[in-house]
Amino acid sequence: MPAAEPAVAKPSVPGGPFSQTAKYVPQEFEAQWFAKWQADDLYKTTPADERPKAYILDFYPYPSGDGLSVGHCRNYVPTDVLSRYYRMNGYNVLHPMGWDAFGLPAENAAIKMKTNPAKLIAQYAANYKRQFGLIGISYDWSREINSSTPEYYRWTQWVFLKLYNAWYDPRLNRAVPIANLESELARQGTRDIPGSDPLSAEQWQALDGKARKEFLANYRLAYRKPAWLNWCPSCKTVIANEEVRDGECWRCGTLVEKRTMSQWFFRITAYADRLVADLQTIDWPEHIKLMQKNWVGRSEGAEVDFATAAGDLRIFTTRPDTLWGATFMVLAPEHPFVAKLTTAERKSEVEAYVKDAMRKTEADRTAVEKDKTGVFIGAYATNPVNGAPVPIWAADYVMMGYGTGAIMAVPAHDERDFAFALKFGLPILPVIARTDGLAKSFALGGTMHFGFADALRAEAIPFEEKQGSLYVTIPPTKLERYIELAQEYVRQGAWNEIVGARWLFIFGRGDLETFGGAENEKRILMRCHALEPNVRGKRTVMEMLHAVEFYHDALFHAEHGAMINSNEFSGTPGDAAVSQVVAWLAQTGKGKARVNYKLRDWGISRQRYWGTPIPVIHTAQGEVPVAEQDLPVKLPDVESYEPTATGESPLATIEKFVNVTLPDGTPGRRETDTMGTFACSSWYYMRFADPHNARQPFDPKEVAYWLPVDTYVGGAEHAVMHLLYSRFWTKALYDLGYISFIEPFTRLRNQGMILAPDGKEKMSKSKGNVVTPDEVVAQYGADALRAYEMFISDFEQATPWNTNGLGGTYRWIRKAWDLLNSPAPSAPTTVDEPADRELIRKMHKTIKKVSDDIASFRFNTVISALMEFTNALNDAAGKVSIAGFEQARDALLIMLAPVVPFMAEEIWARKGRPYSIHQQKWLTYDAQLAADDVMVVPVMINGKLRDRVELPVGASEAQVKDAALQADNVVRHLAGKPPLKVIYVPGKMVSIVAK
RNA sequence: GCCGAGGUGGCGGAAUGGCAGACGCGAAGGUCUCAAAAACCUUUGUCCAUUUAGGACGUGUGGGUUCAACUCCCUCCCUCGGCACCA
């Protein structure tokens, strides 16, 4: 780490040390020191300079009325330690804080308390700020931002306009101005634009202004389209997902309905591939990257059209090789074809089902696997590969937002389809061969002639016999032989079947039916029904087979095996099946390859007051974006913050806000939706680089210096959405030339949650189990709280707040205080030189451990290393030289500075050293002084630890092995047996293998 | 349901293929004290042995890879985070 001179603070105001008490009484000096640091601007960040920079950022919080708990401090303390550590290492550090002030909690609080949300936020933020000061967090408050101020949201609106005026050109693979598209359309239509609906230049020119705008909406990065919302018919408002409990409104308990309204979206899906690819360039926890990748959910497959009475029904499938096994289709309940195709006699049932399904959340719809629901709509589609009629169902396990909202169900090879088909008695036809060769047969007692068991034994075909029935697992090599035997032994009027690697029903010699294809399925079922009354209730062959527990693992699989029962494609090997079928679909015009994403466009519209107004005006000629120079579109004051009965935001009732006249005299209505708060948080980290700029969102020079964020820290609950949206905005602004980096957060770390003291509950005011930093600071002081927050557990792991441990940390700090404040011990009569050397060795080992662990977020072991060093110093007192002791004491004090900044500063002042300890240089680690001169090598025999040998560090392999073989307990355990193998892992271990 | 994380002494946790339990809490015994508190010292995974030496077992469950597994692979169980309008 390069060491540059730290910035020099302003001339010191008088003060410090603030206490002369010998005992550790943190309450006597902590608040005074914080006031002095603030007065001196000790933590004020300077503008861009030639020093290396470190931008260390905490997720900015919504300042809740409840204030901070000790749980919240879990991330603020460690990032503060990290910031202080970087400052001491000569970095120019940006460590700011601000408020995510818009959104539902503030609005709901305002409605409840009948106060302006801005006032509430100001009050709550002031409390947070006070608490941050209490625990010594070194934010530069001159850079404080608040997302709900016009100074800030003006630029959120500015980004909206940039996205609105851009489109994603798939040929350049980046966003470009929408004007480029308009001129291309005027010149040559959509001819060269991949994936576009055909439109000629002439057709474009013939469109009027409004129609052109509607066409361009298909391309803009910010656009409007109809989408579903939760609607409470009693409150007459749109309600958030969080406000829906078991399908009911959390306020009034009314059943929530779904409504469609036109909503604004950002086209994040255009960036899907880049959002995945660029994950490689950043240092984030692997599991977070994986979650983002899965959230984007790229899958390759095909879209295929199934003909229906209402026209082609387009489905998306990742398994086009299973098309021949499609035995029904499933539409999302909200799919437009449901209404179009439902037959008159099914209508009431289908409508009831759809209404019910629309109430559920997505998680509810896909949950509870045993309880698949759905309804037949009475209509059929035609499978394009074989002309087979396929019944169409509506079921809530299919989502409108994924693929085309319609699937072909292949129950033999899709788990959800399998469960659904079993429940509703739909045929299940295998069309892909198993890759493991598992074949089974259950010979029910009385169906086979006497001697069958002996015949199987003679052929070495394994089986189990229970209550007269045979459970046979047929090895692949014996399959043909089994078929012969079964024909020979099956009784007249009975049958034997084989499932798994083969699907065969054996009714007698030469009387075999292959289970494959719809016709055979029906015929087999009829014959079985005729022969055996017990199976007459079974609606399909598979249902009949599924009644046999023994068969369960052989009936279903989702592997990529060779195709079977698929006409001319039968026999196509598994690794080629998908690509060959896709090629054939494209060639015959039945379908085509398609890449699909789980990721959906980002909906930003909120029918709420407390958010950034969307800067758009609606006119008879279509929507018009507000001109950049007319920003911000300010939130007007309103009487009531509650949404209107029409579902619009309260803004819709403010005539002065809504009605506008454009410069050319055209009357217009302002958009009254506001943006969800993820918009505000998608760029705030850029604003911190230049937070008070009134002319631009930020000075490009400052952003070029400070961004990207070097270390970004917050809860894992934001793993996907906030982080994905921020990455998207960064890439869009990069494409449009405003910034020069493609990823906003170079290093990301997530803190684990601190749970309530009594177990597994979260801390929450309603449960009354919140521990506040205020009460802990009052009792133990801020430094003890800081150290304990670090010590409590691994940074990323959730853990309960255990107050017992706090006392131990406090005792350690007090011990360190006594040690550092005590007068220099008198020189020992004889200086123990090895002890002297040992203390300095421990010091350098501690410097390394503490430095490495702070930098890599292992804060709990930072504290344990400092505890060990404190203990080592106490043990060494009076035994080592005064010079050595003082050197080690000073090292401890410097290392304590980022962790317990108040105490370190107080001791520093008492020692008369120049203010401030927080501007001192960090320590240098000396590998030679840290090196051991002896090593203890454990010796294992056959994996069990038997002895240890002590040797000088430079000992050769031969010397170590020799010593190991001569160790007392090793000799005893070998008992004269020669070692077969002796492994030496240098410096670590000797492992002996002996018979 | 889908995606992700986790499960180690009485408790928080350490150890990322190489001595399981660092560090801290708690507990037991001791020193000091008229006494208590504080502080300090000793012990502290379980079991067997105990005079010493030692030995067996042990990181949610069951299996596997390896000279060596808390660590890597597979099965199952349990807990937690997210699932697109809470942020």
Side-chain angles (χ1 to χ4, degrees), chain A residues 59-62 64 100 102-105 108 229-230 238-244 263 285-288 290-295 297 361-370 372 397 401 415-416 598-608 676-678 681 714-722 724-725 750 752-753 755 760 762 788 791-794 796-809 811-812 815 818 858 860-861 863-868 871 936-945 947-948 968-969 972 980-983 985 987-994:
Chain A
F59 286 17
Y60 79 155
Y62 161 71
S64 142
D100 188 13
F102 273 139
L104 258 194
N108 286 338
L229 290 168
N230 300 312
V238 173
I239 60 175
N241 288 344
E242 191 198 35
E243 302 175 317
V244 182
Q263 319 243 7
E286 282 307 315
H287 67 268
I288 301 286
L290 190 56
M291 274 196 261
Q292 293 221 338
K293 191 175 171 224
N294 291 339
W295 186 269
T361 66
E362 192 159 320
D364 289 341
R365 280 171 60 165
T366 46
V368 201
E369 210 220 324
K370 286 163 206 129
K372 284 263 180 312
Y397 76 96
E415 210 164 343
R416 291 160 308 173
K598 277 210 200 77
L599 181 69
R600 310 202 284 263
D601 276 340
W602 165 17
I604 56 157
S605 277
R606 302 290 182 272
Q607 294 69 33
R608 291 283 182 167
T677 55
F678 281 127
S681 59
E717 66 272 19
H718 291 281
V720 178
M721 289 195 286
H722 159 58
L724 201 66
Y725 295 155
N750 299 115
M753 196 181 300
L755 305 165
K760 302 231 158 186
K762 285 189 202 175
Y788 188 55
F791 186 56
I792 191 165
S793 163
D794 178 78
E796 301 205 342
Q797 232 47 69
T799 187
W801 181 258
N802 179 341
T803 317
N804 297 338
L806 184 54
T809 312
R811 281 200 286 278
W812 161 63
K815 210 190 289 182
D818 292 340
R858 293 193 297 265
N860 53 339
T861 50
I863 302 298
S864 62
L866 289 172
M867 284 173 167
E868 284 186 45
N871 293 339
V936 176
V937 182
V939 185
M940 275 184 172
I941 301 174
N942 295 334
K944 284 186 195 291
L945 178 72
D947 213 335
R948 297 180 175 84
D968 291 350
N969 210 32
R972 183 177 320 123
L980 298 176
K981 201 166 157 192
V982 181
I983 298 157
V985 184
K988 290 272 171 75
M989 167 72 64
V990 174
S991 190
I992 299 167
V993 188

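In what follows, chains are A, B, ... by sequence order, proteins preceding strands, each numbered from 1. This one's a predicted model, so the numbers in the text were calculated from it and none came from an experiment.
Nearest to the side chain of A:S991, among B:C67, B:A15, B:C86, sits B:C67. You'll find that the side chain of A:R972 is closest to B:G54, out of B:G54, B:A84, B:C23. Across B:G24, B:A14, B:A22, the shortest atom-to-atom separation from the side chain of A:N860 is found for B:A14. Counting only heavy atoms from C-beta on, A:K815 has its side chain closest to B:C40 among B:G6, B:A84, B:C40. Taking only side-chain atoms of A:N969, from C-beta outward, the nucleotide of B:G18, B:G54, B:G81 with the closest atom is B:G54. Listed nucleotides: B:A14, B:G81, B:C86. Nearest to the side chain of A:K762: B:G81. With B:C67, B:A20, B:G24 as the candidates, the nucleotide lying closest to the side chain of A:L945 is B:A20. In the set B:G12, B:G6, B:G81, B:G12 carries the atom at the smallest distance from any side-chain atom of A:T799. The side chain of A:P938 lies closest to B:C19 when the candidates are B:C85, B:C19, B:G81.
Taking atom P on both B:C57 and B:G62, the two are 15 Å apart, rounded to the nearest angstrom. Nucleotides B:U75 and B:G4 have their P atoms positioned 14 Å apart, rounded to a whole Å. Taking atom P in both B:A49 and B:A56, the straight-line distance is 15 Å, to the nearest Å.
Taking a pair to require two hydrogen-bonding distances under 3.5 Å in either a Watson-Crick or a G-U wobble arrangement, B:C19 remains unpaired. Of all nucleotides present, only B:U43 satisfies the Watson-Crick or G-U wobble test against B:A27, with each distance under 3.5 Å. Nucleotide B:C72 has B:G64 as its partner under the Watson-Crick or G-U criteria, with both atom distances under 3.5 Å. Base pairing annotation: B:G54 forms a Watson-Crick or G-U wobble pair with B:C48, both donor-acceptor distances under 3.5 Å. When both distances must be under 3.5 Å, the Watson-Crick or G-U wobble mate of B:G81 is B:C3. In this entry B:A36 has no Watson-Crick or G-U wobble partner, no candidate having both defining distances under 3.5 Å.
Among the atoms of the strands shown, only primed sugar atoms or phosphate atoms (P, OP1, OP2) are found under 4.0 Å from some heavy atom of A:M867. Within the 4.0 angstrom heavy-atom criterion, no nucleotide atom of any strand lies near A:E796. Contacts of A:F678 with the nucleic acid, taken as non-hydrogen atoms under 4.0 Å apart, include base atoms. Using a 4.0 Å heavy-atom cutoff across all strands shown, A:I288 reaches no nucleic acid atom at all. Heavy atoms of A:K293 sit nowhere under 4.0 angstrom from any nucleic acid atom. Here A:L290 lies in heavy-atom contact (under 4.0 Å) with sugar-phosphate atoms only.
OP1 or OP2 of B:C57 sits under 4.0 Å from a side-chain N or O of A:K944. Applying the 4.0 Å criterion to OP1 and OP2 of B:C19, one finds that A:R948 has every side-chain N and O outside that range. Checking the phosphate oxygens (OP1, OP2) of B:A38, no side-chain nitrogen or oxygen of A:R811 falls inside 4.0 Å. A close approach under 4.0 Å does not occur between any side-chain nitrogen or oxygen of A:N942 and OP1 or OP2 of B:C67.
Using cut-offs of 30° and 60° for the angle between ring planes, the A:W801 and A:Y788 rings count as perpendicular.
If you check distances only, the side chain of A:Q263 does reach the base of B:C85 with a donor-acceptor pair under 3.5 Å.
Glycosidic conformation of B:G30 is anti; the angle lies outside 90° of 0.
The aromatic ring centres of A:W602 and A:Y725 sit less than 6.0 Å apart.
Proximity of a side-chain donor or acceptor of A:N942 to a complementary backbone N or O of A:V993 within less than 3.5 Å is not detected.
Side-chain atoms of A:Q263 and A:Q607, non-hydrogen and from C-beta on, do get closer than 4.5 Å to each other.
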